[in-house]
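This report concerns only the one structure given below.
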Amino acid sequence: MRTLRRILTLVAKEFTMVLLDPKSRIVVIGPPIIQFFVFGYAATFDVTDVRYAVLDESRTPQSRALLARFEGSPDFVLVRTLSSDRELRNVIDSQQARLVLRLAPDFAERLGSGRPPALQAILDGRNSNVASVALGYVRSIVEEHGARLAVASPADPAEPAPVLIERSWFNENMESRWYVVSALGGVISMVVVMVLSSLSVARERESGTFDQLLVAPFRPWEILIGKAMPSLLFGFADAMLLSLAAILWFEVPFRGSPLALCAALVAFTLAVVGVGLFVSSLSTTMQQALLGSFVFIMPSVILGGFTTPIENMPSWLQYATFANPLRYVVRALRQVFLVGADTAAIRHELWPMLIIACLTLTAAAWMFRRRTS
Amino acid sequence: MAERGATWMRLRGFLRKEALQIRRDPSSLLLGIVMPVVLLFLFGFGVSLDPRDVPVVLVVEDSGPAARDLVARFELSRYFEPLPASSMREAEALVRRGSADGVVRIRDDFSSRLAREGRAPVQLVLNGVDANRARLIQGYVQGAVSRWLAVRRARGESAAMPPIDVEPRIWFNPTANSRHFLVPGLLTLIMTLIGTLLTALVIAREWERGTMEALLSTPLRPNEILLGKVIPYFVLGLTGMALSVLVGVTVFDVPLRGSLVLLVLLSALFLLAALGLGLLISATARVQFVAAMVSVIAGFLPAFFLSGLLFDLESTPVAIRAVSHLVPARYFVEISHTLFLAGNVGSVLLPASGVLALMAVVFLGAARRKLSRRLPVR
């Protein structure tokens, strides 16, 4: 009973520390929500409105017909019509356009002749992803146009051609936004919660009040729980809010069970708070705690499967991601949102996070006691 | 004359103090020098947007030679790791489980339709959860099919001549290697980390500990205090930057087609802007906790999401693009992509540098103004 009262006292103190100072209050509550909306729109791998220029050296109805398809396409935006080769270099270099479509003078003559003419697609390779995707778009449009031409002139026997029929599961319109936004809550809450929890102890250490805590009749694990509570609560609330925003604002489908979502987020927040407290148990100053958190956050965010698939990484790196809570929550969130998983289906993502939480929290408690000397 | 000497004497003393502080708490050195290199190694090897060994299920219902040829193309390609399945149901289970990213299905009438009508569909079903990856895989499959056609043509077998061919030329990055795109961007992120995060606590710390009042009561001018705060971290940042560039160019073969001098100059400029932002946050917040949270929220996260280092800004709504103009990292990402991959393109480098210079001046100026305020009345 006394234990419970001690813990509650500590928790109340922690909340007061965070919420009393108006600056501190604002910083913890407001920004993650605003950021979600901004980053939710920013975090996209979709390639749209590709600015392109045209160099039509053929200037025939046939070449114009092909180019008209690009003008009509929602993926492309025509910015310049070039009249000579010399302008090409500058247009791409200065980023006036990311793509230049060029047709040789003999385009029309070579059509249907057995020596097919070529559409030269010159792309700015500085953003490799945009270049690849834009090239894919160009190929699709040219293929479509070619198919139309073949149909329109039955005199030329249509050569055997396989036709690629494509369908995409779980994400029919191939909206990369769903992929990103479903897991975005995890990323943002991880950054905020880790910094919050790691600073909470370091702050007391720097002002000397931590030693006072340790000599008070509190056990180290009670202090730990007290410290963990605000971060846990804020973290979980943040992550839930962001998930709700994903569903309600970004209209990401939610095909799984709400219970699974809660389970994933609780396990994740526990793991992140654990890491944060562990980092802070190793630090004596707030600067160390902040930088230590970032030493963990940077690799975790970039190598967590959020932006680039873990499958693309070399195996030694893939093993390293086992210690990264973000990896599990990202997978779990995507399974729950897009594939329709329930708690049982994501259990393989849940237990690693819980293990990380146990390990780090125990280590933190142990370090608390040791660091008094 | 005496004034100049006095300034220098004061500054030197102040710099010594800062250096001592850094030495006593070497975490700044860790972040400034060790971390960038470690991170660059990690990311250079770990991050890639180019799918490789994509597990694709091949459901082949036709045993004719044309079908077998097509299957062979998939097996030979290093982009694919084909998995066999005997039915679509089995294939779907594999995709659902996550063991495969897509299904290529060749129906049993493939060869006969090919010979008879000249058209035979090949069905491709993709796991669309990661739409970007799916699009890229789609491109690979299209490529595999075209190569199959080319092989047939070369053998003299009837094969579709596409009415119009597409000849791609990808400038600056002919193989569309995502590493060449990502590593310069990572450089920006690391620099932002050093510049903004490192200095964010520096001034707030002095306020919290009460040493700021002491500082302000010395003959040190606010300009000198600011200079003394900027210089050590500037040196640290440039060292980290130099190491990172070295690693990027030697280990990851990222080309540096622009001039090295320009790279150094412009990195210094960006570093000044980032440092300025950090110091401004620190001087305004005066509480380390708040400064830390703000630097993460206003420094690091925008640099990651809104700088174009990973997510293409042009494909985002206008409002987002407008906000991104406030993020210093955005300009340096542009600069580094161009300097590394394209060369010294003035029309890109000049405007971006101009904005960075402006930001450096504004941020540092505002930070300095915060320093010369009167002491706060509690």
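Throughout, a chain's letter reflects where its sequence line sits, starting with A, and its residues are numbered from 1.
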Passes side-chain contact (heavy atoms from CB on, under 4.5 Å), B:I320 versus A:F39? Steps please. CA-CA 8 Å; B:I320 306 294; A:F39 299 153; over 6 Å; no
side-chain contact (heavy atoms from CB on, under 4.5 Å) between B:N173 and A:L123: does it pass, once the steps are laid out? CA-CA 9 Å; B:N173 190 352; A:L123 296 139; over 6 Å; no
Might you work through the side-chain contact (heavy atoms from CB on, under 4.5 Å) test for B:L186 and A:I302, ending with a clear yes or no? CA-CA 10 Å; B:L186 251 20; A:I302 300 194; 4.1 Å; yes
A:N129 and B:F311: side-chain contact (heavy atoms from CB on, under 4.5 Å), yes or no, with the steps? CA-CA 9 Å; A:N129 199 57; B:F311 304 114; over 6 Å; no
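Residues A:Q287 and B:L201 come closest through the heavy atom pair CA-CD1, 3.3 Å. Taking all atoms of both residues into account, the shortest heavy-atom contact from B:T338 to A:R126 is OG1-NH1, 2.8 Å. Nearest approach of B:L193 to A:F294, heavy atoms of both residues: CD1-CD2, 3.5 Å. When every heavy atom of B:W171 is checked against every heavy atom of A:I122, the shortest pair comes out as CE2-CG2, 3.5 Å.
In this structure, the portion of B:T284 lying under 4.5 Å from any heavy atom of chain A is its backbone and not its side chain. With a 4.5 angstrom heavy-atom cutoff, B:A200 does not touch chain A via any of its atoms. Residue contact with chain A, scored on non-hydrogen atoms closer than 4.5 Å, is absent for B:R179. Contacts of A:V130 with chain B are made by side-chain atoms alone, with heavy-atom separations under 4.5 Å and no backbone atom involved. When heavy atoms are compared at a cutoff of 4.5 Å, A:L99 does not approach chain B at all. A:S94 touches chain B through backbone and side chain together, each having a heavy atom under 4.5 Å away. For chain A, the nearby parts of B:H337 are the backbone and the side chain; heavy atoms of each come within less than 4.5 Å. Only the side chain of B:F304 comes within less than 4.5 Å of a heavy atom in chain A; its backbone stays farther off. If you measure heavy-atom distances from A:L303 to chain B, the contacts under 4.5 Å come from the side chain alone. For chain A, the nearby parts of B:D312 are the backbone and the side chain; heavy atoms of each come within less than 4.5 Å. Using a 4.5 Å cut-off between heavy atoms, A:V50 makes no contact with chain B at all. In this structure, the portion of A:R98 lying under 4.5 Å from any heavy atom of chain B is its side chain and not its backbone. Looking at A:I141, there are no atoms closer than 4.5 Å to chain B (heavy atoms on both sides), in backbone or side chain. Heavy atoms of A:F337 lying under 4.5 Å from chain B are absent altogether. Proximity to chain B (any heavy atom under 4.5 Å) is restricted, for A:Q35, to the side chain, taken from C-beta onward. Proximity to chain A (any heavy atom under 4.5 Å) is shown, for B:L182, by neither the backbone nor the side chain. Residue A:R331 does not touch chain B at all, counting heavy-atom pairs closer than 4.5 Å. Contacts of A:E206 with chain B are made by side-chain atoms alone, with heavy-atom separations under 4.5 Å and no backbone atom involved. A:L317 touches chain B through its side chain: at least one heavy atom from C-beta onward sits under 4.5 Å away, while N, CA, C and O do not.
A distance of 5.5 Å separates CZ in B:F305 from CD1 in A:I188, rounded to the nearest 0.5 Å. Annotation: the span from B:I170 atom CD1 to A:D124 atom CG amounts to 10.0 Å, rounded to 0.5 Å. Atom-to-atom distance recorded for B:L341:CG and A:N127:CG is 10.0 Å, nearest 0.5 angstrom. Here B:Q288 contributes atom CD and A:R203 contributes atom CZ; the two are 9.5 Å apart, rounded to the nearest 0.5 Å.
The local environment of CZ in B:R107 is sparse, with at most 12 non-hydrogen atoms from other residues, nucleotides or ligands closer than 6.0 Å.
Each of A:V195, A:L199, A:L291 has some count of heavy-atom pairs under 4.5 Å with chain B, and the biggest count is that of A:L291. The residue among B:S295, B:G185, B:G346, B:S27 with the most heavy atom pairs within less than 4.5 Å of chain A is B:S27. Among the candidates A:R139, A:Q95, A:M286, the residue making the largest number of heavy-atom pairs closer than 4.5 Å to chain B is A:M286. Contacts with chain B were tallied for A:D49, A:V38, A:V100; A:V38 has the most, counting heavy-atom pairs under 4.5 Å. Ranked by heavy-atom pairs shorter than 4.5 Å toward chain A, the options B:L301, B:V323, B:L189 are led by B:L301. With chain A as partner, the option from B:R105, B:M35, B:E314, B:M293 having the largest number of non-hydrogen pairs under 4.5 angstrom is B:E314. Of all the listed residues (B:V296, B:V345, B:I297), the one sharing the greatest number of non-hydrogen pairs under 4.5 Å with chain A is B:I297.
For the pair B:L39 and A:P299, the minimum side-chain heavy-atom distance is below 4.5 Å. A:D93 places none of its side-chain heavy atoms less than 4.5 Å from the side chain of B:V348. With contacts defined as side-chain heavy-atom distances shorter than 4.5 Å, the pair A:Q96/B:S347 does not qualify. In this structure, A:Y41 and B:L306 have side chains that are not in contact, with every pair of non-hydrogen atoms separated by 4.5 Å or more. The closest side-chain heavy-atom distance from B:T316 to A:T44 is below 4.5 Å.
Between the side chain of A:S128 and the backbone N or O of B:F181 there is no donor-acceptor pair closer than 3.5 Å.
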